[in-house]
Amino acid sequence: MIKEYTKRINKAFDYIEANFDRQMTLDELAGVANFSKFHFNRIFTAIVGETPFRFIQRIRLEKAANMLVYNRDESIGAIAQKCGFSDISVFSRNFRTNFGVSASAFRATRCEKSNFSQTVGNNDQSTGKASMYFCRSTNSIKWRSKMELLKSVEVKDLPRMNLAYIRHIGPYKGNEKLFEGLWNRLFSWAGPRGLIGGPGFASLVIYHDDPNITGEDKLRMSVCITVPEGTKTDGEVGKMELAAAKYVVARFNVDATQFQEAWNWLYGQWFPESGYQPDDRPCFEMYPEEPKNGRFTVDICVPVKPL
């Protein structure tokens, strides 16, 4: 019963994620989660730890905070509108309440820290700088680097994916047992249904929040596998669609302690030299191979748009 409730709340999460730029009603969300509109608010609050209104507002503010850092040329007013705030004064008041500073001060401080970290990174890891070249075999631009963990990096269009997932809310960084448990539960569900392997099969981890902005206890992460369209899910396993989009796909070979180093290189070294900036959608890790001798081949995939 608990798993069924979790699955329904996750459907509400996914719906909010896809529609955070517009107004939503409690009746609408209750319908998505298939709960009575008279009890949805209490159920959501009891399970999530915050009301639907507070959750939606926090997601909007955190997305705005992310855009303030990565979309530096976009006005605060435009970002507020993109995140569902039609009144800039309401946005400004709620942003200050949530983060303790104004949106303009947040942007200035975070951008300074970002630039500082990149400068330090360039000084300490000069061999990690990326250079561009044209690959004739694929007719695409790729990048090369002397960073030891990096195997390849290119920008390409990824297709739409239908995903079955199990979601975790809370801290996850460096917790190997947590990830192992989540994967075991997902594969235990998928294996008997014949959903593991086959053409186009992929396993991935989607990170719905920026850990530099969202508190650890509220971070959302989903372990996923691709499934055929029309696949039925049950229990704690949910289903969602990842839209086709343009991504930078950087392949690394890492041990369990080096994932953060790989992410840091992509944001601190590759992005500033690439001509791209992160787009406003979740990023994810994809695993094209089984781990070998404690090492992982991982594709870090971040949605991109021109700078």
A.B. asks: Is Lys82 salt-bridged to Asp21, cutoff N-O under 4.0 Å?
C.D. replies: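 The answer is no: the pair does not qualify as a salt bridge.
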A.B. asks: Could you check whether any side-chain N or O of Thr109 sits under 3.5 Å from a backbone N or O of Phe106, counting only pairs where one atom can act as donor and the other as acceptor?
C.D. replies: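 Side chain of Thr109 to backbone of Phe106, a donor-acceptor pair under 3.5 Å: no, none is there.
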A.B. asks: What class does the angle between the rings of Tyr172 and His168 fall in, given that below 30° is parallel, 30 to 60° is tilted and above 60° is perpendicular?
C.D. replies: perpendicular
A.B. asks: Could you check, using the six-membered ring where one of them is a Trp, whether Phe13 and Phe55 have ring centers closer than 6.0 angstrom?
C.D. replies: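 Ring centroids of Phe13 and Phe55 are less than 6.0 Å from each other.
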A.B. asks: Show the numbers, then the answer: is there a salt bridge (Lys or Arg N to Asp or Glu O under 4.0 Å) between Glu17 and Lys63?
C.D. replies: CA-CA 10 Å; Glu17 187 85 42; Lys63 287 186 179 295; 2.7 Å; yes
A.B. asks: When you check the gap from the basic side-chain N to the acidic O, do Arg193 and Asp234 get nearer than 4.0 Å?
C.D. replies: yes
A.B. asks: Could you list all the salt bridge (charged side-chain N to carboxylate O under 4.0 Å, His left out) pairs where at least one residue sits in residues 176-187, not counting sequence neighbours?
C.D. replies: Arg185-Glu236
A.B. asks: Is the backbone N or O of Glu74 less than 3.5 Å from a side-chain atom of Asn71, with the two atoms forming a donor-acceptor pair by type?
C.D. replies: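 Looks like no, no N/O pair under 3.5 Å.
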A.B. asks: Has Arg220 got its NZ or CZ under 6.0 Å from the middle of the six-membered ring of Tyr207, at an angle within 45 degrees of the ring axis?
C.D. replies: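 Pair Arg220/Tyr207 does not count as cation-pi.
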A.B. asks: Quick check: does any side chain N or O of Lys156 sit under 3.5 Å from a backbone N or O of Val248, one acting as donor and the other as acceptor?
C.D. replies: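 Checking the backbone N and O of Val248 against the side chain of Lys156, no donor-acceptor pair under 3.5 Å is found.
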A.B. asks: Do any N or O atoms from the side chain of Asn19 and from the backbone of Tyr15 form a donor-acceptor pair under 3.5 angstrom?
C.D. replies: yes
A.B. asks: Identify whether the distance between the nearest side-chain nitrogen and carboxylate oxygen of Arg22 and Glu28 falls below 4.0 Å.
C.D. replies: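 Salt bridge: yes.
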A.B. asks: Please test Phe95 against Phe85 for ring pair (Phe, Tyr, Trp, His ring centres under 6.0 Å), starting from the C-alpha separation and ending with a verdict.
C.D. replies: CA-CA 11 Å; Phe95 192 96; Phe85 293 92; 9.2 Å; no
A.B. asks: side-chain contact (heavy atoms from CB on, under 4.5 Å) between Arg107 and Ile76: does it pass, once the steps are laid out?
C.D. replies: CA-CA 9 Å; Arg107 167 177 267 175; Ile76 292 175; 4.2 Å; yes
A.B. asks: Any idea how Phe40 and Phe44 line up, ring-wise: parallel (<30°), tilted (30 to 60°), or perpendicular (>60°)?
C.D. replies: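 Tilted: the ring planes of Phe40 and Phe44 meet at 30° to 60°.
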A.B. asks: Can you tell me if Asp210 uses its side chain to pair, donor with acceptor, with the backbone of Asn212 under 3.5 Å?
C.D. replies: yes
A.B. asks: Check Phe179, Tyr287, Phe259, Phe252 against Phe296 for a ring pair (Phe, Tyr, Trp, His ring centres under 6.0 Å) and give me the one that passes.
C.D. replies: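 That would be Phe259; it is the only one of Phe179, Tyr287, Phe259, Phe252 passing the ring pair (Phe, Tyr, Trp, His ring centres under 6.0 Å) with Phe296.
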